[in-house]
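The shown structure was predicted, so the numbers you read here are calculated from the model rather than taken from an experiment.
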Amino acid sequence: MASLSELPALRNYSKPFGIRFLEYIKKGKLSYKTHQAIVLIVTFLAYTCYHATRKTTSIVKSALDPQSPDVSLKFPWRMTYLSSPAEKKRFSWVLGDGWAPFNGSDGSALLGQLDVAFLSVYALGMYFSGHLGDRMNLRVFLTVGMVGTGLFTSLFGVGYWAKIHSFYYFLIVQMIAGLFQSTGWPSVVAVVGNWFGKKKRGLIMGIWNAHTSVGNIAGSLIASALLSYGWGWSFVVPGLLIAFVGLLVFLFLPVSPESVGADKEEHEVGSPRKIGEGVTEPLLGSDAEIKETAVGFIEAWKIPGVAPFAFCLFFAKLVAYTFLYWLPYYISHTGILIYLFDLQF
């Protein structure tokens, strides 16, 4: 067991390399507010990249299946793909003709099944990611999730240059990508929760939560801009981007004030306590004496407000992901833009 004199050295060793580098340049400890700013910026960039890589699929769908005459979903995929005539499973290397096996009459069904597989694994992975995040170093856990997301997002795009036309390949890659994607939200929320209390939580979360929209916009712009060079670039570039930001997370993200030796009371010294103001917590009640344990699944549902919030988020996400994954595809296949143009002129 380490002695009290060794604790500062151990704490300094646990600091991210980027934080130690900033303290070396400053020649002193970073303030609590500086750590908070770093947390907001790094976690904002992290989840922006998660959504940017998630958005690329909806943009590329119209290139994989540009002229599908049937946009209805058919299940199961084995019946639609394996029973299709040979000419409908033709291979094509021309972007305008789509990409087999998604350019046949069942292309929309196959693309839809990729989404179902991705979101199913993503939803299941969220449960396990929450448990793992409570028991692991969140900085390492988030880094692994982002690098893994970048790897398998890029592998989907590699199918363009490798001339891969196997539905199984794209299905497996999407499922594993969904598993890595599930590491994002539980991790960033936990880190932000460690650094910010109830004071101004609504304002901070409102501004910080803009990463969802920023990520969707950035993902759409990047994927659209690169689509003319080959749809593979629309996956590889966002994949490399999230992997790079994952390395920034590993270098700069302080998981909690305790992990970097930041003292919240240091930047509150200037606000003197009023005369007669009582102490609301016992002086000996330190965090070190309280052994925190991870909350189980049943215990989490018993927390007031969790169930209503979960059901509200379910229906909100149902609408959001419908637009996120299928709106560009729907517009490109229905000619709605031409119809609106004719109405205007």
Side-chain angles (χ1 to χ4, degrees), residues 16-18 37-60 115 118-119 121-123 125-126 129-130 132-133 136-158 173-193 195 204-227 231-255 317 320-321 323-325 328:
F17 296 106
I38 293 174
V39 168
L40 284 180
I41 294 172
V42 173
T43 54
F44 185 93
L45 291 175
Y47 210 67
T48 295
C49 290
Y50 271 105
H51 263 270
T53 55
R54 205 176 301 172
K55 180 63 178 176
T56 55
T57 306
S58 66
I59 303 299
V60 178
D115 291 341
F118 174 87
L119 292 175
V121 175
Y122 174 73
M126 287 277 281
S129 294
L132 289 174
M136 293 180 59
N137 186 319
L138 285 173
R139 178 168 59 92
V140 177
F141 184 66
L142 187 58
T143 301
V144 172
M146 296 182 71
V147 173
T149 298
L151 174 62
F152 283 93
T153 300
S154 300
L155 284 177
F156 195 103
V158 168
V173 168
Q174 278 291 82
M175 292 176 69
I176 300 178
L179 184 63
F180 280 106
Q181 281 266 357
S182 66
T183 61
W185 183 247
S187 300
V188 296
V189 169
V191 173
V192 173
W195 282 95
I204 293 172
M205 292 297 293
I207 298 174
W208 176 75
N209 207 41
H211 51 50
T212 300
S213 299
V214 174
N216 292 337
I217 294 171
S220 299
L221 293 176
I222 294 173
S224 301
L226 298 173
L227 197 58
W231 60 263
W233 289 110
S234 298
F235 286 95
V236 171
V237 172
L240 295 176
L241 180 61
I242 191 174
F244 173 75
V245 176
L247 295 178
L248 294 182
V249 167
F250 181 77
L251 293 174
F252 289 97
L253 182 64
V255 173
K317 290 291 186 179
Y321 276 101
F323 287 110
L324 180 67
Y325 279 97

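- Note: I176 CD1 to F152 CZ = 4.0 Å, rounded to the nearest 0.5 Å.
- Contact of the M175 side chain with the F118 side chain is not registered, since no non-hydrogen atoms from C-beta on lie closer than 4.5 Å.
- With rounding to the nearest 0.5 angstrom, the CD1 atom of I222 is 13.5 Å from the CH2 atom of W233.
- Heavy-atom minimum distance, C49 versus L241: SG-CG, 4.2 Å.
- One distance of note links OG1 of T43 with CZ of F252; it measures 14.5 Å at 0.5 Å rounding.
- A pairwise comparison of heavy atoms in T53 and G239 identifies CG2-N, 4.2 Å as the closest pair.
- Smallest separation of non-hydrogen atoms from P16 and L253: CG-O, 3.3 Å.
- Between Y50 and L142 the shortest side-chain heavy-atom distance falls below 4.5 Å.
- T183 is listed as a side-chain neighbour of S129, based on a closest heavy-atom distance under 4.5 Å.
- Here the shortest heavy-atom pairing between T56 and P238 reads CG2-CG, 3.6 Å.
- In this structure, R139 and V255 approach most closely via the heavy-atom pair N-CG2, 3.5 Å.
- Taking the side chain to side chain contact (heavy atoms under 4.5 Å, CB included) definition, one finds that M126 meets it with Y122, S182, W185, P186, sequence neighbours left out.
- For the pair T57 and D115, the tightest heavy-atom approach, listed with the atom from each and the gap, is CG2-OD1, 4.0 Å.
- Checked against M146 for a side-chain contact (heavy atoms from CB on, under 4.5 Å), the options L151, V245, L247 give a single hit: V245.
- Using a 4.5 Å heavy-atom threshold, the side chains of W231 and F156 count as touching.
- Between F44 and V214 there is a side-chain heavy-atom pair separated by less than 4.5 Å.
- How far CZ of F235 is from CG of L240: 13.5 Å, rounded to the nearest 0.5 Å.
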Inset, instruction - Give the C-alpha distance, both sets of side-chain angles, the deciding distance and a yes or no for side chain to side chain contact (heavy atoms under 4.5 Å, CB included) between F180 and V144. - result: CA-CA 8 Å; F180 280 106; V144 172; 4.3 Å; yes
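- Side chains of T153 and Q181: no donor on one and acceptor on the other come within 3.5 Å.
- A distance of 12.0 Å separates CD1 in I38 from CG in L248, rounded to the nearest 0.5 Å.
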Inset, instruction - Take N209 and Y47 through the test side chain to side chain contact (heavy atoms under 4.5 Å, CB included) and record every step on the way to the result. - result: CA-CA 9 Å; N209 207 41; Y47 210 67; over 6 Å; no
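- How far OG of S58 is from CG of N216: 8.0 Å, rounded to the nearest 0.5 Å.
- Using a 4.5 Å heavy-atom cutoff, the side chains of W208 and V188 are in contact.
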